[in-house]
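Reading through the structure tokens given below for one structure.
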Amino acid sequence: MQRFRFPVGRLPDEALLSGLATGDPELAVTFVRRFQHTVFGVAIAVTGDPQLAEDIAQQTFERAWRHAQIYDSRRGSVTTWLTTIAHNLAIDAIRSRRPEPVAPEDLDALLDVVTDTPEQRALADDASARLRAAVAQLPREQGRALVMAGIYGMTAQQIADWEHIPLGTAKTRIRTAMGKLRTTLTSPKRGDHVQ
């Protein structure tokens, strides 16, 4: 007996997520098939390890199943929600494998690729695109300080030591970068803010 008026594969993402939450096996399989390549793409882009990426993809779908009822479409699409879960799990997996996910001297290379990778394409919603663009527009030293503090959890003193700069300079770089990001991200249109 057909429960839907049109094929399950054509249901909107939100309807599939709701079906996942109810435990409907047909909707769950369709949900996983629809998003498996995107979720795996994010995991492999972050980890570079196919086996670990498969584990992360599985954990992503398990977490989506457990938390489907708290999904809020006002905060982003289902794709954005899932890729954010995958990205966070991948970062956590990398952090747990080594004490420092990426050496700070490699940050310049990471900041250079901020414009186009499979991970960014998968996370290409307005909010994340604006954030990436805003970080990419920061002066290099401010972008480095912001990433070291915000992503890698380094203190201002650790940043100062690593960059061989005074502590006050490190704090100023972080504070200035945060101010510029806040201004850019709260302006109605990209580029409308006055510097």
Side-chain angles (χ1 to χ4, degrees), residues 11-23 27-98 100-102 106-107 109-138 143 146-154 177-178 180-182 184-187 190:
L11 285 172
D13 295 346
E14 291 81 8
L16 285 177
L17 182 60
S18 296
L20 181 69
T22 64
L27 294 177
V29 167
T30 304
F31 183 84
V32 170
R33 285 184 179 153
R34 181 174 293 177
F35 294 106
Q36 66 187 357
H37 296 295
T38 302
V39 169
F40 180 78
V42 169
I44 195 75
V46 174
T47 66
D49 179 343
Q51 183 60 46
L52 182 58
E54 286 179 21
D55 293 343
I56 290 166
Q58 182 174 346
Q59 292 172 25
T60 299
F61 288 113
E62 288 171 3
R63 189 166 289 182
W65 171 68
R66 285 195 313 268
H67 300 289
Q69 68 278 2
I70 63 168
Y71 165 74
D72 182 359
S73 62
R74 295 172 297 186
R75 297 185 66 194
S77 67
V78 172
T79 302
T80 300
W81 183 67
L82 272 177
T83 54
T84 300
I85 293 170
H87 180 265
N88 292 341
L89 288 170
I91 293 293
D92 289 347
I94 288 176
R95 284 184 178 155
S96 70
R97 286 185 164 201
R98 55 184 176 179
E100 190 174 301
V102 174
D106 295 334
L107 282 176
L110 289 175
L111 290 172
D112 287 338
V113 300
V114 77
T115 55
D116 191 35
T117 67
E119 178 186 358
Q120 275 100 28
R121 286 192 297 272
L123 294 171
D125 68 293
D126 287 340
S128 65
R130 285 191 76 190
L131 179 60
R132 287 192 314 273
V135 170
Q137 291 174 1
L138 291 172
L146 181 69
V147 170
M148 286 179 184
I151 295 178
Y152 301 109
M154 294 173 77
M178 289 299 295
K180 287 180 179 179
L181 279 182
R182 189 175 302 110
T184 300
L185 296 175
T186 58
S187 65
R190 191 182 328 192

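Because only heavy atoms are used, hydrogens play no part in the values below, and waters and symmetry mates are left out as well, while side chains stay in.
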If you compare all heavy atoms of Ala134 against all heavy atoms of Leu181, which two are closest, and at what distance to 0.1 Å?
CB-CD2, 3.2 Å
Give me the atom names and distance for the closest heavy-atom approach of Thr47 to Ile94.
CA-CD1, 3.7 Å
Heavy-atom side-chain contact between Phe35 and Val78 under 4.5 Å
yes
With a sphere of 6.0 Å drawn around CD of Gln58, does it hold more than 12 non-hydrogen atoms of other residues, nucleotides or ligands?
no
CG (Leu52) and CD (Gln59) are apart, to the nearest 0.5 Å, by 8.0 Å
Counting heavy atoms not belonging to Arg33, are there more than 12 under 6.0 Å from its CZ?
no
Is there a side-chain contact between Leu146 and Leu138, using heavy atoms and a 4.5 Å cut-off?
yes
CG/Asp55 to OG1/Thr60 distance, rounded to the nearest 0.5 angstrom?
10.5 Å
Interatomic spacing from CZ in Arg63 to CG in Asn88 - rounded to 0.5 Å:
8.0 Å
Please examine the side chains of Phe61 and Phe31, heavy atoms only from C-beta on, and report whether any two atoms are closer than 4.5 Å.
yes
Distance-minimising heavy-atom pair for Ile56 and Ala90
CD1-CA, 3.5 Å
Surrounding NE2 of His67 (heavy atoms of other residues, nucleotides or ligands, distance under 6.0 Å), is the total greater than 12?
yes
Where Ala53 and Ile44 come nearest, the two heavy atoms and their spacing
CB-N, 3.6 Å
How long is the gap from CD on Glu62 to CD1 on Ile85, to the nearest 0.5 Å?
11.5 Å
